[in-house]
2 protein chains.
Amino acid sequence: MPTINDVARAAGVSPSTVSYVLSGRRPISAQTRARVQAAIAELGFHPHAGARALASSKTNVLALVVPLRVDVNVPVIMQFATAVVTAARTHNHDVLLLTKDEGTSGLERVAHSTMVDALIVMDVEKDDVRIPALRKLKQPTVLIGLPGDPSGIVCVDLDFAAAAAETLRHLAWHGHRRIALVGPSPAVYRRGTSYAERFLAGFTEASAELGLETMTHPCEPGQEGVKSCLADIDAELPGVTALVVHNEEALRPLLDQLRAAGRRVPEDISVVAVCPRDVALGLPIPLTSVDIPSHDVGGLAVETVMKLLDGRHTESIRLLPPTLVERDSCARPAV
Amino acid sequence: MPTINDVARAAGVSPSTVSYVLSGRRPISAQTRARVQAAIAELGFHPHAGARALASSKTNVLALVVPLRVDVNVPVIMQFATAVVTAARTHNHDVLLLTKDEGTSGLERVAHSTMVDALIVMDVEKDDVRIPALRKLKQPTVLIGLPGDPSGIVCVDLDFAAAAAETLRHLAWHGHRRIALVGPSPAVYRRGTSYAERFLAGFTEASAELGLETMTHPCEPGQEGVKSCLADIDAELPGVTALVVHNEEALRPLLDQLRAAGRRVPEDISVVAVCPRDVALGLPIPLTSVDIPSHDVGGLAVETVMKLLDGRHTESIRLLPPTLVERDSCARPAV
DNA sequence: ATCTATCGTCGAAGCGCTTCGACGACCCCC
DNA sequence: GGGGGTCGTCGAAGCGCTTCGACGATAGAT
């Protein structure tokens, strides 16, 4: 492995000049720059990351903390991850992958040992124990999600409250008045996962504003969970003409159950989902849905991190506006 | 951030002594060690990763290259990734996440700049362009999968040929004689993805050994793909009593199609799948399957990398034996 | 023509750690 | 009781890079 000294010698300049060519932090004449670049190319020089980090206090590495719980949303997480990696690369950064189960100590480890310049943390909970630790780090942090007390930390996410309102507005516009929300599993609510609560709040509020008759119900996973959820809904709010489903796993069994019960979608009952685009498209009936834009959120997280690293200002909460895409699962209610 | 000098001063020893306490590479008296450890704890000292890497030429970081293609197997990849991260952590290593789309240059970048000690590469293809580049790196590499020419590189994977044999043996034991393989999509074969070919080869060979009447057919994704695949199978090998499905995405539509055609599983037709356990369990009928043990393969990859880093010898190809798990999708054929 | 900026380059210091050689102190054995 | 080990510790030399201050050269302003 050639070093910067080898390059300097080959180009007939001093090492610092090579460094300045690389970083552009001081003006270098065109001829010198060309000679240096030629030497770099010829020797196949790559600056030693550790040496660089030591001298500059910058690693050009981001930490990404992902949940490794298998129970939910694995593809979504993977989408986030690849979006983050891809976006980070456009800013000349790499990504160190951490799992949530390392907890607070994992964050402190990589931060204190200066392995990373900044952190992106997914799957934050309402009273996430990691938040206080993150506040103390010298590296900036961006959360994907919204904790109970976001003060001192920058957060990005989809605007789930707006997403809920959007689904109801769409259904109301189609003429629906009695609508039920099939929510995530009770475990998700128990964990205090913020997007669940924000969606719920948005749903309730928009329902009141639009003067709709609605109800909400969490939904356990599996065929059984969906079955009992639907039964509860029929009992509590008979004559429901539309369902808003904020639960990826329930989608497939839900469609199965409806079909088994002889209720056609969308003729007898409309369905609007909140899920990633490919899930909405991968079902027997392409679902009208508010897409969860993992890719965009991941990209936004990286952009925000970069802003912070540049010392630029940024709002402390950035919510992406939802977009509802019409597909085939929504119609006017049967009279 | 305290440095090793701060710790040394606090403990009343020299920096090198602190270093030896940390690394254990030279004997240190119990008292001194205790004093140093106390100082470390009190100051909250964490060695600077860059400085360490510079001085020791070790980063304690592994690169993991994942495909970011969305079309296949996302959950499996995520399982691999978390398995790798978890296993790496038990060896005191972290994981840098790279995407396959950075290609050869991404590998060279992280390797030449000494960001990582070793690489784990997923989704290798038969004539993977990255292989020659990997051979040239000074860092050891472990592939998950098997390229056409694995010479000079260590590979780990599930033994897909044995898995195929296992499915046929199981079906034959149940009394099945006419069996079709529903394979991955043609795109997978075209790409030269080794597990597809190895499974196919194992299937054909075991079929001959067991004297079965079999056929094989790739399967395009989606309901349509499955439909036409089943039609082809019925045309080419009428009276098939069992299907071996080596195609995760096809599983669900396949069960749908069979049901729609009034063929009950397992009474009218048996199905054995090759897929991750949770996929096999998540379907309407729990499927008898050879589980793809992402977790174990990921762990094995890390163990192998560690061996190589320690300079220990290891076989150049390590295939995990498959295990078939009986569930509810297999029965004796109707007479 | 003189003074002051700016440009382009160099040299040296230093980032925080590991590691090698050295050196007492101590123990064991003949 | 002197020679040869091992034990426990220190000092110093780097690892490869960035960055600061310095300095000659050139250019612009007066």
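Chain identifiers are assigned alphabetically (A, B, ...) following the order of the sequence lines, protein sequences preceding nucleic acid strands; residue numbering begins at 1 within each chain. These numbers come from the heavy atoms of this one structure, side chains and all, not from hydrogens, waters or symmetry mates.
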From [atom1] of [X] over to [atom2] of [N], roughly how many Å is that when rounded to an integer?
X     : N      : atom1 : atom2 : answer
B:R35 : D:dG8  : CZ    : C1'   : 12 Å
B:K58 : C:dC17 : NZ    : P     : 18 Å
A:H46 : D:dG16 : NE2   : C1'   : 15 Å
A:M1  : D:dG16 : CE    : C1'   : 13 Å
A:I28 : C:dT6  : CD1   : P     : 18 Å
B:R9  : D:dT9  : CZ    : P     : 19 Å
B:R26 : D:dC10 : CZ    : P     : 12 Å
A:I40 : D:dC17 : CD1   : P     : 10 Å

With a 3.5 Å cut-off and heavy atoms only, can you find an N or O donor on one side and an acceptor on the other between the side chain of A:Y20 and the base of D:dC17?
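When only heavy-atom distances are counted, A:Y20 does not reach the base of D:dC17 through any donor-acceptor pair under 3.5 Å.
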Among [options], which nucleotide sits nearest the side chain of [X]?
X     : options                : result
B:A55 : D:dG8, C:dG16, D:dG16  : C:dG16
A:A51 : D:dC10, D:dT19, D:dG16 : D:dG16
A:P27 : C:dC7, D:dG8, D:dC17   : C:dC7
A:I4  : C:dT19, C:dC17, D:dT18 : D:dT18

Taking only the side-chain nitrogens and oxygens of [X], find out if one of them lies under 4.0 Å from OP1 or OP2 of [N].
X     : N      : result
B:S19 : C:dT18 : yes
B:S16 : D:dA12 : no
A:R25 : D:dT19 : yes
A:S29 : C:dT9  : yes
B:R52 : C:dT18 : yes
A:S14 : C:dC10 : yes

For B:L62 and B:V116, run side chain to side chain contact (heavy atoms under 4.5 Å, CB included): C-alpha distance rounded to whole Å, both residues' side-chain angles, the deciding distance at 0.1 Å, then the answer.
CA-CA 5 Å; B:L62 267 33; B:V116 302; 5.9 Å; no
Minimum heavy-atom separation for B:L43 to B:P2, with atom names?
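Closest approach of B:L43 to B:P2: O-CG, 3.4 Å.
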Can you confirm whether more than 12 heavy atoms, excluding those of B:K138, are under 6.0 Å from its NZ atom?
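It does: B:K138 NZ has more than 12 such atoms within range.
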Salt bridge present between A:E303 and A:R318 (N-O < 4.0 angstrom):
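A salt bridge is absent here (no side-chain N lies under 4.0 Å from a carboxylate O).
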Any chance you could lay out the side chain to side chain contact (heavy atoms under 4.5 Å, CB included) test for B:S151 and B:R135, step after step, and finish with the verdict?
CA-CA 9 Å; B:S151 65; B:R135 286 208 186 87; 3.5 Å; yes
For A:P15 and A:A30, find the nucleotide of DNA chain C closest to each by heavy atoms; which residue's nucleotide sits nearer the 5' end?
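Looking at the nearest nucleotide for each, A:A30 comes out on the 5' side.
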CD1/A:I292 to CG/A:L320 distance, rounded to the nearest 0.5 angstrom?
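Taking CD1 in A:I292 and CG in A:L320, the distance rounds to 12.0 Å.
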Answer with base, sugar-phosphate or nothing: what part of the nucleic acid does A:V13 contact at a heavy-atom distance below 4.0 Å?
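Since only primed, P, OP1 and OP2 atoms lie under 4.0 Å of A:V13, the category is sugar-phosphate.
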